[in-house]
Amino acid sequence: MHRVLVVDDEPQLVRALVINLKARKYEVDSAPDGATALRLAAERHPDVVILDLGLPDIDGLDVIRGIRGWTRTPILVLSARQTSDEKVEALDAGADDYVTKPFGMDELLARLRAAVRRAEPAASPGGEEGTVETGDFAVDLAAKKVHKDGRDVRLTPTEWHLLEVLVRNTGRLVSQKQLLKEVWGPSYGTETNYLRVYMAQLRRKLERDPSHPVHFVTEPGMGYRFER
């Protein structure tokens, strides 16, 4: 059974989410503000966080950064902020997905399920797991870890899933549509800004020179390719 932390200061919305999530066998905790959210995240270790950005005490972006400081738990933003810049800012802070208010409950639950799946271990197609090494870092597929300069690199579940898809297709072009489908789900086909944000984050964390990437290569208008 998966545990969900709902963070929102609208009691009616929280009540609706709690009812719907419990009906689908999720365990649910709720927080009306950022401080309570950070405390519950540390105490209860949720499998996924649903987070409103407009909280009464701490901006939701700061809550994302606080959670990301110690865990890769998927964070699904639920917010009335609708501009592309605001969405990208949340994704760049470490959110895994973004749903704008008002929203459909079915869509939200589908995205929640997708976020949980991305955080769970996945077997390789051949049933074998190994380590893929480059001159700058090593990807341990079995342990779902990346090592660089003698230390583990902290990746969010979505960053890891994107990296994993690319690494399993080393040397092959993976289209934008395929990446969106595999990492975010079949209902995603045009959110190329997600790819732009997350590829920039992977390059920043793993490339020797992020402005001149040699491992995460862009094929303009088509997709991306991982090179060792």
Side-chain angles (χ1 to χ4, degrees), residues 1-8 14 17-18 20-22 24-31 34 36-53 55 60-79 81 86-101 103 105-123 141 143-146 152-166 179-188 191 193-195 197-202 205:
M1 184 178 293
H2 294 102
R3 179 177 294 278
V4 180
L5 172 59
V6 177
V7 186
D8 201 298
V14 172
L17 286 171
V18 169
N20 277 274
L21 290 168
K22 287 187 174 180
R24 289 161 177 81
K25 308 304 181 184
Y26 290 97
E27 295 182 344
V28 188
D29 297 305
S30 62
T36 305
L38 291 172
R39 177 176 59 79
L40 288 177
E43 292 177 356
R44 307 290 280 175
H45 299 285
D47 297 293
V48 63
V49 177
I50 298 177
L51 172 70
D52 180 27
L53 295 182
L55 300 174
L61 294 175
D62 292 325
V63 176
I64 294 173
R65 297 184 185 105
I67 293 173
R68 277 290 164 264
W70 61 275
T71 180
R72 293 170 51 196
T73 297
I75 300 173
L76 176 59
V77 168
L78 185 61
S79 178
R81 302 178 189 178
E86 288 170 323
K87 293 179 181 180
V88 169
E89 189 176 14
L91 293 169
D92 203 20
D96 294 277
D97 201 352
Y98 197 110
V99 177
T100 55
K101 297 178 180 180
F103 63 93
M105 188 62 70
D106 288 343
E107 178 191 5
L108 177 66
L109 292 171
R111 295 201 188 193
L112 176 66
R113 291 192 296 270
V116 171
R117 284 196 303 270
R118 288 197 295 271
E120 293 175 337
L141 293 169
K144 298 185 69 172
K145 291 183 177 181
V146 182
D152 289 346
V153 179
R154 188 186 300 275
L155 298 180
T156 69
T158 302
E159 289 168 354
W160 168 260
H161 200 172
L162 179 59
L163 173 65
E164 184 179 41
V165 172
L166 290 169
L179 282 170
L180 287 167
K181 180 179 178 180
E182 291 201 32
V183 178
W184 281 273
S187 61
Y188 294 76
E191 288 84 351
N193 62 312
Y194 281 28
L195 290 175
V197 169
Y198 279 99
M199 288 302 299
Q201 291 176 180
L202 283 178
K205 291 181 177 182

Rounded to the nearest 0.5 angstrom, the CG-CD distance for L141 and E164 is 6.0 Å
Taking every heavy atom of A31 against every heavy atom of L40, the minimum-distance pair comes out as CB-CD1, 4.1 Å
Point-to-point distance, once rounded to the nearest 0.5 Å, from CG of L76 to CG of L108: 5.5 Å
L112 side chain near L21 side chain, heavy-atom distance below 4.5 Å: yes
Any K87 side-chain heavy atom under 4.5 Å of V197 side chain: no
So Y194 and Y188, would you call those rings parallel, tilted or perpendicular, with 30° and 60° as cut-offs? tilted
I need the E43 CD to D29 CG distance, nearest 0.5 Å. 9.5 Å
For the residue pair V183 and L195, establish whether any side-chain heavy-atom pair is separated by less than 4.5 Å. no
Test log, rule salt bridge (Lys or Arg N to Asp or Glu O under 4.0 Å), inputs R44 and E27: CA-CA 11 Å; R44 307 290 280 175; E27 295 182 344; over 6 Å; no
Measuring from R24:CZ to K22:NZ, what's the distance to the nearest 0.5 Å? 14.5 Å
Calculate, to the nearest 0.5 Å, the distance between atoms CG and NE2 belonging to L166 and H161 respectively. 10.5 Å
Would you say the side-chain atoms of D96 pair up with the backbone N or O of T158, donor to acceptor, closer than 3.5 Å? yes
W184 versus A114, closest heavy-atom pair with distance: O-CB, 3.9 Å
State, with a plain yes or no, whether a side-chain heavy atom of I67 is found less than 4.5 Å away from one of L51. no
Identify the heavy atoms of L162 and M199 that sit nearest to each other, and give their distance. CD2-SD, 3.7 Å
Spacing of OH belonging to Y198 relative to CG belonging to D92, to within rounding of 0.5 Å: 9.0 Å
Between K25 and M1, is there a donor-acceptor pair closer than 3.5 Å when you use the side chain of the first and the backbone of the second? no
Student check: side-chain heavy atoms of E89 and R81 closer than 4.5 Å: no
Are L155 and L202 close enough that some pair of their side-chain heavy atoms sits under 4.5 Å apart? yes
Is the number of heavy atoms from other residues, nucleotides or ligands under 6.0 Å of K205 NZ greater than 12? yes
Non-hydrogen atoms of S79 and D52 that approach each other most closely: CA-OD1, 3.8 Å
State, with a plain yes or no, whether a side-chain heavy atom of V7 is found less than 4.5 Å away from one of V63. no
Look at the side chain of R68 and the backbone N and O of T73, then say whether any donor-acceptor pair between them is shorter than 3.5 Å. yes
Which of these, D97, V49, I64, T100, sits in a side-chain contact (heavy atoms from CB on, under 4.5 Å) with V77? I64
Taking the side chain as every heavy atom from C-beta outward, state whether R111 and V99 have any pair of such atoms under 4.5 Å apart. yes
